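Scroll down for the structure; my scribbles are underneath it.
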Amino acid sequence: MSARPEVRQFLHEPTSTFSYVVWDPQTRRAAVIDSVLDYAENAGRTGTDSADGIIEFVRREGLEVEWVLETHAHADHLAAGAHIRDRLGGTTGIGEGIRTVQRHFRDVYNLERGFLPDGSQFDHLFADYETFHVGNIEARAIPTPGHTSDSLTYVIGDAAFCGDTLFMPDGGTARCDFPGGSASVLYHSIMRLYELPDETRLFVLHDYRPNGREYRNETTIGEQRGGNIHVRDGVTEAEFVERREGRDRTLDLPRLIIPAVQVNIRAGRLPPAEDNGVAYVKIPIDRPGDFSQSYSGESA
Ligand SMILES: [Fe+2]
């Protein structure tokens with residue numbers, strides 16, 4: 001059995017997001033995964049109350065942050081990685097697929113010349129299957145594209161942080177209709193996770209409380225293989241793709257997708273301030289080829 005890190009979750013209710021602090025109990029070295037920046041979109045105001053809760057916890061526990069990680073460029077919340085790193089130190093990291101995502105959104109948002117789609121906004125880009133350490137605990141970055149092309153699952157000791165690759169077993173999987181997403185690719189990513197030991201603890205990024213149950217964020221690979229409503233043992237790729245794409249056709253876009261991607265491809269920093277000292281996010285109007293449809297319904 002691999003080493004067992006301590007894990008503490010932080011729920012950001014407005015976006016149903018679980019952020020994590022993961023640490024090696026021996027060295028008390030830690031990783032912060034998928035932290036959230038508060039954002040009031042109608043007022044154009046960011047806030048750090050949620051992220052500051054994580055910072056307080058890290059300080060109170062006497063942890064030393066080595067890594068500030070993102071599982072992917074999120075579309076439904078703004079990332080607080082830069083804020084966390086500025087205050088606690090550590091190395092920011094995301095998958096090297098972020099460069100493809102950055103190229104795409106640089107064009108969509110016609111970003112400033114100084115924006116380089118080379119991943120340099122992050123301190124470290126993980127290659128597929130790259131290994132690293134949190135304290136003395138071995139960790140690796142497993143490529144799990146499908147929801148987005150840059151999605152990674154961080155496996156730290158016996159704990160896996162899968163981002164939006166899987167929800168809880170009764171929640172199924174995340175959507176695959178964003179730019180660079182693919183249900184078929186997601187299926188193969190999930191099969192890769194299902195090769196991990198059954199007892200691997202699996203921590204999900206979002207929980208939308210199916211059927212109004214309480215929030216849940218932790219399961220195991222074995223539970224997913226036995227009972228995930230979208231993809232469990234015995235579900236074929238064709239069955240999954242049909243199910244996933246059918247559901248994606250019913251989903252509305254996430255409320256924060258436009259500001260979120262513009263901040264998250266910059267590692268959680270706002271765009272550069274304009275000559276009046278204020279940062280802006282852009283809304284492309286009727287850009288050909290963009291989301292041409294708007295459905296009402298859930299956005300998970
Ligand atoms: Fe996501």
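Whatever order the structure lists ligands and atoms in, that order sets their numbers, starting from 1. Since the model is a prediction, treat every value here as computed from it, not as a measurement.
Applying the ring-ring contact (aromatic ring centres under 6.0 Å, His included) test to pairs two or more places apart or on separate chains, none has a residue in residues 253-281.
Every residue was checked against the side chain to side chain contact (heavy atoms under 4.5 Å, CB included) condition with Ala273, not counting sequence neighbours, and none meets it. Here Glu61 pairs with Arg28 under the salt bridge (Lys or Arg N to Asp or Glu O under 4.0 Å) rule; sequence neighbours left out.
In this model, a donor atom of one side chain and an acceptor atom of the other lie less than 3.5 Å apart for Glu237 and Ser184. Donor-acceptor pairing under 3.5 Å is recorded for the side chains of Gln121 and Gln102.
Centroid-to-centroid, the aromatic rings of Trp23 and Phe57 come within less than 6.0 Å.
Near-neighbour remark for the Fe ion (ligand 1): protein N, O or S atoms under 2.8 Å are His72 NE2, His147 NE2, Asp164 OD2; waters not counted.
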